[in-house]
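Have a look at the structure below before the remarks.
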Amino acid sequence: MNGKSRKYTLLSLILLTAALSLVSCVEIKKSRPILKIKEYERLIAGRLDAQYVGTRACLSACHAHDDIKRAFDASTMGAQMKGNTQMPMVDCESCHGPGSLAIKGITKELVEENKKRGIKTTCNYKTLIDIKNLPAPAKSLICLKCHTANATFNLHEWNTGIHAINDVSCPDCHNIHGGPDLKVKPVDTAEMCFKCHQDIKAYYNMPNHHPVLEKKVFCTDCHNPHGTTTEHLLKRETVRQTCTQCHGEKQGPYLYEHGDLTEECTTCHLPHGSPNNNLLKVREPFLCLECHETHPVNTITGETISAETKQYFFTRCTDCHSAIHGTDTPSPSGKGRFIQ
Ligand code: HEC
Ligand code: HEC
Ligand code: HEC
Ligand code: HEC
Ligand code: HEC
Ligand code: HEC
Ligand code: HEC
Ligand code: HEC
Ligand code: HEC
């Protein structure tokens, strides 16, 4: 591929993307009205005629939520106390809204009496915020009222990130009442992501893959699920920088570079998994033959095999061109052929 035709491909790609996004913008507007932020805020205010009563008042009469409370108290969020007052900074009502109406009329005595009659006492939870059925941006806003971009640096690009735009919300990934661990641990990340990204899981089941299922490499080594300014939620500026953070030896610069190919590792490699060795997009020698002519080679026994013979195709080009990512050592003819 020469530079000119690349530019043309790029140009037509840009035009195509522009046209497509124009079409999809219209789609979005038609199918899903985007509410003003103040309407989302109204959704998460809770009942205006209810009062905040505090976690203790919420839970003291009835023990239905003791497990939730225990796990929550042991979490980073539940453990936050206001300075000298020792009052919790985050309690049940921070997310579920004011609770006075929900517990109105519920007393220890009533709960006991009901129990004797075999009846379970439930609070009037319909007066609380219906978190489950809120639109995604409102769900996230519950969290974002405290987790501002300043408080949680990682969330700087949340609003423009592809997850937020596609109606993924904080509780889709963070299981608030799953236990005391609110953060998604690196070892648990892949399974969590696969809930929605089944297609990526398929790559990790291919014969050659980054050891993610083996829990040596993690989705979050390369991606920031909260949003980035880069494409594909990549943590680093470019794909190349993403790869060379671990494969530093491929970074160069070399005296003999492989054209400008290694600017994009994904010219030849897939990031997650591949049916071919070395995560190659296409098997050797076909990968090389996408861009190069074949040439006759001498075998160890000194005999020359022409490009047309079948054996030739069983030869991996990199058996000889072993420094395929670049080298400082010239070939015998004094050129950069990546053979040493
Ligand atoms: C940081 C926000 C937050 C706090 C604080 C919080 N919750 Fe929740 N709670 C949620 C979210 C989010 C859901 C899940 C809604 C859904 O299913 O999508 C939920 C669901 C629930 C449910 C429904 C049952 C379930 O497990 O899905 C109960 C009951 C509950 N919370 C009780 C409590 C109690 C009691 C406290 C205080 C000890 C509390 N919550 C504190 C966010 C919070
Ligand atoms: C009332 C304020 C408040 C609300 C609402 C709130 N948080 Fe928090 N959250 C905190 C505080 C304070 C901490 C502990 C300090 C910190 O890590 O920033 C915390 C900690 C966390 C952590 C753990 C951080 C760590 O390093 O271990 C996660 C994850 C988290 N919150 C997620 C959420 C999600 C998801 C929601 C919405 C369902 C939410 N929070 C709503 C105040 C809040
Ligand atoms: C697509 C999944 C996903 C969504 C959506 C998501 N998170 Fe996270 N979050 C993670 C993962 C994974 C981690 C662990 C990051 C790591 O290990 O580098 C994390 C970490 C955190 C932490 C710990 C501190 C930090 O910066 O690492 C906080 C706080 C947090 N998230 C809050 C939120 C809030 C608030 C929202 C919604 C605005 C949200 N998250 C949405 C997956 C998600
Ligand atoms: C070694 C780094 C790395 C790891 C680990 C990684 N990714 Fe990626 N991922 C990338 C790169 C690079 C791209 C962009 C590929 C491109 O430009 O063609 C990408 C693209 C994606 C895409 C969008 C493109 C597509 O193919 O649909 C999704 C979704 C994705 N990754 C999900 C995940 C999930 C889920 C995990 C963990 C199970 C994960 N990734 C682990 C590097 C990584
Ligand atoms: C609740 C579902 C859900 C979960 C969980 C989830 N994602 Fe996504 N993700 C989406 C949706 C929806 C999109 C946007 C549409 C698409 O490209 O598939 C998306 C897009 C992405 C993209 C960008 C794709 C592109 O083409 O640029 C990456 C990368 C990605 N997710 C990685 C992750 C990682 C890593 C995790 C786990 C930490 C994760 N996702 C968890 C639903 C989810
Ligand atoms: C978080 C660190 C990390 C990042 C980032 C990373 N890799 Fe890897 N890579 C590894 C590990 C670990 C292995 C496995 C090495 C082993 O099994 O001995 C590996 C193996 C490979 C292999 C060889 C596979 C095989 O069969 O031996 C290739 C090719 C590769 N990575 C390419 C890439 C590319 C391309 C990127 C960028 C999209 C990338 N890597 C990003 C850690 C990383
Ligand atoms: C022109 C195609 C091409 C490009 C571009 C390319 N690679 Fe490779 N890469 C290969 C081939 C072919 C192999 C197999 C080499 C072999 O079998 O000796 C390989 C093997 C690897 C390996 C595993 C074996 C080893 O040498 O450690 C890693 C890691 C790797 N590449 C990383 C990268 C990174 C990082 C980039 C981007 C900076 C990149 N590659 C760009 C073709 C390429
Ligand atoms: C995407 C296209 C592409 C692929 C795939 C590719 N190359 Fe290249 N290769 C190039 C370009 C472009 C150059 C630089 C040519 C120049 O500078 O004249 C180059 C240069 C070379 C050179 C040096 C030749 C010279 O004239 O200096 C060798 C040897 C080479 N490649 C071998 C390989 C092998 C072996 C593979 C497969 C592992 C491969 N290439 C895959 C495009 C590619
Ligand atoms: C048996 C070893 C061997 C194999 C296998 C091999 N090459 Fe070469 N190749 C060489 C040598 C030696 C040179 C010349 C080096 C010099 O100029 O000093 C060379 C030169 C080249 C050149 C430079 C342009 C030219 O024709 O002089 C390209 C491009 C190239 N090889 C591509 C390939 C591709 C593609 C394959 C696989 C289909 C391949 N080679 C397989 C040994 C090999």
Side-chain angles (χ1 to χ4, degrees), residues 1-3 5-6 9 24 136 139-140 154 161-175 183-186 188-201 212 217-228 230-235 239 242 256-269 271-272 276-278 280-305 307 311-327 329-340:
M1 206 191 310
N2 64 32
S5 76
R6 257 204 209 182
T9 322
S24 55
K139 263 189 209 170
S140 294
N154 209 344
I162 191 163
H163 278 139
I165 288 172
N166 283 279
D167 277 353
V168 179
S169 68
C170 323
D172 286 335
C173 298
H174 295 281
N175 189 355
K183 232 166 131 170
V184 192
K185 278 204 232 83
D188 300 329
T189 314
E191 277 312 319
M192 191 271 287
C193 307
F194 290 151
K195 275 193 307 192
C196 301
H197 295 289
Q198 281 292 325
D199 51 333
I200 303 294
K201 185 171 188 178
V212 163
V217 174
F218 310 105
C219 309
T220 43
D221 285 336
C222 300
H223 297 289
N224 178 354
H226 293 142
T228 60
T230 58
E231 271 186 282
H232 304 304
L233 296 176
L234 290 182
K235 271 185 164 171
V239 172
T242 304
Y256 303 101
E257 303 267 0
H258 195 162
D260 59 0
L261 290 191
T262 38
E263 280 307 314
E264 282 296 348
C265 311
T266 41
T267 309
C268 302
H269 296 287
H272 305 115
N276 308 309
N277 282 341
N278 290 298
L280 290 178
K281 276 184 159 169
V282 178
R283 195 154 61 81
E284 279 192 71
F286 306 105
L287 171 71
C288 315
L289 296 177
E290 284 184 351
C291 302
H292 294 287
E293 298 280 323
T294 55
H295 68 79
V297 295
N298 293 316
T299 62
I300 300 168
T301 54
E303 126 203 47
T304 302
I305 306 175
Q311 293 99 310
Y312 180 80
F313 276 93
F314 290 109
T315 318
R316 292 183 340 131
C317 310
T318 47
D319 280 346
C320 300
H321 300 284
S322 56
I324 200 65
H325 300 94
T327 175
T329 317
S331 61
S333 70
K335 299 194 178 115
R337 308 297 200 211
F338 316 129
I339 53 174
Q340 49 195 336

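Ligands are counted one by one from 1 in listed order, and the atoms in each one are counted from 1 as well.
Distances below 4.0 Å separate heavy atoms of Thr267 from the following atoms of ligand 8: 1 (C). When each atom of ligand 9 is checked for a heavy atom of Cys288 under 4.0 Å away, the hits are 35 (C). The distance from ligand 8 to the heavy atoms of Cys317 drops below 4.0 Å at these ligand atoms: 35 (C). Close contacts between ligand 8 and Leu287 involve ligand atoms 5 (C) [criterion: under 4.0 Å to a heavy atom]. Counting atoms of ligand 8 from 1 in the listed order, those under 4.0 Å from a heavy atom of Cys291 are 1 (C), 2 (C), 3 (C), 4 (C), 5 (C), 42 (C), 43 (C). Set against the non-hydrogen atoms of Cys320, the atoms of ligand 9 under 4.0 Å away are 1 (C), 2 (C), 3 (C), 4 (C), 5 (C), 42 (C), 43 (C). Under a 4.0 Å criterion applied to the non-hydrogen atoms of Pro285, ligand 9 contributes the atoms 38 (C).
Checking side-chain atoms of His223 against main-chain N and O of His232 turns up a donor-acceptor pair under 3.5 Å. Not one N or O on the side chain of His325 forms a donor-acceptor pair closer than 3.5 Å with the backbone of Thr262. Between the side chain of Asn276 and the main chain of Leu280, a donor-acceptor pair closer than 3.5 Å is present. Asn166 places a side-chain N or O within donor-acceptor distance of the main-chain N or O of Ile162, the cut-off being under 3.5 Å. Under a 3.5 Å cut-off, the side chain of Glu284 and the backbone N or O of Arg316 do not form any donor-acceptor pair. When atom types are taken as modelled, the side chain of Lys281 and the backbone of Thr266 share a donor-acceptor pair closer than 3.5 angstrom. Panel note: side chain Lys139, backbone Cys170; no donor-acceptor pair is recorded below 3.5 Å.
Ligand 9 has a nitrogen or oxygen under 3.5 angstrom from a nitrogen or oxygen of His321. Inclusion of Thr294 in the set of residues having an N or O under 3.5 Å from an N or O of ligand 9 is not warranted. For ligand 9, the polar-atom distance check finds no N/O of Glu293 at less than 3.5 Å from any of the ligand's N/O atoms.
Within 6.0 Å of CD on Gln198 lie more than 12 heavy atoms contributed by other residues, nucleotides or ligands.
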Stepwise side-chain contact (heavy atoms from CB on, under 4.5 Å) check, Lys235 with Thr228: CA-CA 7 Å; Lys235 271 185 164 171; Thr228 60; 5.6 Å; no

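Under the 30°/60° scheme for interplanar angles, the aromatic rings of His226 and His174 are found to lie parallel.
Around ligand 5, the residues contributing at least one heavy atom under 4.0 Å from the ligand are Ile162, His163, Asn166, Val168, Asp172, Cys173, Thr189, Met192, Cys193, Cys196, His197, Cys219, His223, Pro225, His232, Leu233.
With atom 8 (Fe) of ligand 8 at the apex, His258 NE2 and His292 NE2 define an angle of roughly 180° (rounded to 10 degrees).
With a 4.5 Å cut-off on side-chain heavy atoms, Asp199 and His197 count as touching.
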